[in-house]
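Nothing here was measured: the structure is a model prediction, and the numbers come from that model.
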Amino acid sequence: MNSYGSLPDGTVGLVYAEPFSDAVIEGLHGQVYEALGLDADDVPESVREQVQGALSRENLALHLPYLRSNGGHRITVTVDGRDHTVDVQLTLSDARTSLRQGRFDQRDPDKHVERRGFGTRENFSGQPSGTYRTVQVPWTGSWPITAPTPVRAVDGSVTVSLTHNQASDATTVTQAVQTTSAQRSNEPSDPVEFTTRWRVRVDAPAVTAPPAAPATAPVPDTWGQPVSHGPTTIWFPRHLTTADPAPGSLPAPAAPADLPLYGVDTVIDPGRCTSTSTRRSTPTSMPSPPGRSRTSSPSRCCAARCRCRSTAVSIRR
């Protein structure tokens, strides 16, 4: 727990991060304005609305795995008619017991960490049908001209069409499937306070290539210096906030095959996973032999190598 959030690896885990305070939000917005070369005290209203909407308290909580990843959370801000990409990254340091909830009391109700995910898929299909009958009544007339003129007669025709709709109907079928996944810790949780450190960069490459070996420090790139705008509080299950038990005091861990029920805990570096999957599924242009036209064909479908950490439902016999 002491090293939680110290590296930009995108891992969040089964914890609850409280919403960032107003001081943290305002400080982050000012940091973004300075990275864009603007005066934080005199920001155009259009730019201020874009930053406040993209980096609101709700959006930061929703994109927390991306904020914690190596590539950061990317937004687009338009300044003077030009689009700029802004990457925001969050790391944590100085873990300490949070006193916002007061000191622990046996009379306090237990607080449990729970996380849920929802997914919905809907299919629509419709087919119209109908029958109708049409009756046409044509009429043709000719009017002779007796006067000595070049025109001897005037011909005309009229057609009346009558359509009767006998039946008309439409059938629509809708199928909706909603999936809910939940992870819950049955043990009490404790609040831990961290110092937030934010880094911002502008107009950087889409994906920062991770190092070949596991990262031990942030990768040197175009990120600005980390700036702290205040603390944040994260709730951890109690087994992560208390000292490890004495060796041999706990039963042996259960084998994975004993209870093969697993759930995905964290996808490491989700931004890189998404970008790699999209890039590999995008059609690519293949060079054509001499004398032949150049064609475009889809690239070979390859599964992106996305690392994830899974947790077992039961870890003890």
In terms of hydrophobic clusters joined by side-chain contacts under 4.5 Å, are [X] and [Y] together?
| X | Y | result |
| --- | --- | --- |
| L38 | V227 | no |
| L240 | F194 | yes |
| Y66 | L90 | no |

Which heavy atom in [X] sits nearest to a heavy atom in [Y], and how many Å separate them?
| X | Y | answer |
| --- | --- | --- |
| V47 | V79 | CG2-CG2, 4.0 Å |
| T196 | G230 | OG1-O, 2.5 Å |
| A35 | V200 | CB-CG1, 3.7 Å |
| V88 | L67 | O-CD2, 3.6 Å |
| D39 | V43 | O-CG2, 3.1 Å |
| P237 | L14 | CD-O, 3.6 Å |

>> Before you tell me yes or no, could you show the steps for V192 and S98 under side chain to side chain contact (heavy atoms under 4.5 Å, CB included), namely the whole-Å CA-CA distance, both residues' side-chain angles and the distance that decides it to 0.1 Å?
In response: CA-CA 5 Å; V192 180; S98 176; 5.8 Å; no
Does the side chain of [Y] come within less than 4.5 Å of [X]'s, by heavy atoms?
| X | Y | result |
| --- | --- | --- |
| V160 | L162 | yes |
| V77 | R82 | no |
| V202 | L36 | yes |
| L60 | L28 | yes |

>> Show, in sequence, the C-alpha distance, side-chain angles and deciding distance for T159 and V137, and conclude whether the side chain to side chain contact (heavy atoms under 4.5 Å, CB included) test is met.
In response: CA-CA 6 Å; T159 301; V137 181; over 6 Å; no
So how far is it from [X] [atom1] to [Y] [atom2], rounded to the nearest 0.5 Å?
| X | Y | atom1 | atom2 | result |
| --- | --- | --- | --- | --- |
| Q89 | N70 | CD | CG | 6.5 Å |
| R68 | T11 | CZ | OG1 | 5.0 Å |
| D110 | S185 | CG | OG | 10.5 Å |
| L7 | S69 | CG | OG | 13.0 Å |
| T232 | E193 | OG1 | CD | 8.5 Å |
| D169 | T171 | CG | OG1 | 5.5 Å |

Are the side chain of [X] and the backbone N or O of [Y] linked by a donor-acceptor pair below 3.5 Å?
| X | Y | answer |
| --- | --- | --- |
| T78 | G81 | no |
| H229 | G27 | yes |
| E122 | Q175 | no |
| R115 | G13 | yes |
| D87 | A204 | no |

>> By the side chain to side chain donor-acceptor pair (under 3.5 Å) test, which pairs, at least two apart or in different chains, include something from residues 134-145?
In response: T134-T163, S142-D155
> Within a reach of under 6.0 Å around CD of E45, are more than 12 heavy atoms found that belong to other residues, nucleotides or ligands?
Replying inline: yes
> For Q178, does the CD atom sit with more than 12 other heavy atoms under 6.0 Å from it, leaving out its own atoms?
Replying inline: yes
> Which residues satisfy the ring-ring contact (aromatic ring centres under 6.0 Å, His included) test with H73, sequence neighbours excluded?
Replying inline: H63
>> According to salt bridge (Lys or Arg N to Asp or Glu O under 4.0 Å), does anything in residues 20-35 pair up with another residue at least two apart or in another chain? List the pairs.
In response: D22-R57
> Of all residues at least two apart in sequence or in a different chain, which pass the salt bridge (Lys or Arg N to Asp or Glu O under 4.0 Å) check with R184?
Replying inline: E114
> For R197 and D94, what are the C-alpha separation, side-chain angles and deciding distance, and is it a side chain to side chain contact (heavy atoms under 4.5 Å, CB included)?
Replying inline: CA-CA 10 Å; R197 298 190 180 277; D94 304 329; 3.9 Å; yes
>> Using the rule side-chain contact (heavy atoms from CB on, under 4.5 Å), only one of F236, Y16, W235 pairs with S189; which is it?
In response: W235
> Is the closest basic N to carboxylate O distance between E187 and R238 below 4.0 Å?
Replying inline: no
> Between N123 and T174, is a side chain to side chain contact (heavy atoms under 4.5 Å, CB included) present by the stated rule, with each step listed?
Replying inline: CA-CA 6 Å; N123 296 327; T174 303; over 6 Å; no
> Can you name the residues that form a side-chain hydrogen bond (donor to acceptor under 3.5 Å, both in side chains) with T76, not counting sequence neighbours?
Replying inline: none
> Which pairs count as ring-ring contact (aromatic ring centres under 6.0 Å, His included) when at least one residue sits in residues 19-50, sequence neighbours excluded?
Replying inline: F20-W198
> Side chains of T195 and R96: is there a donor and an acceptor less than 3.5 Å apart?
Replying inline: yes
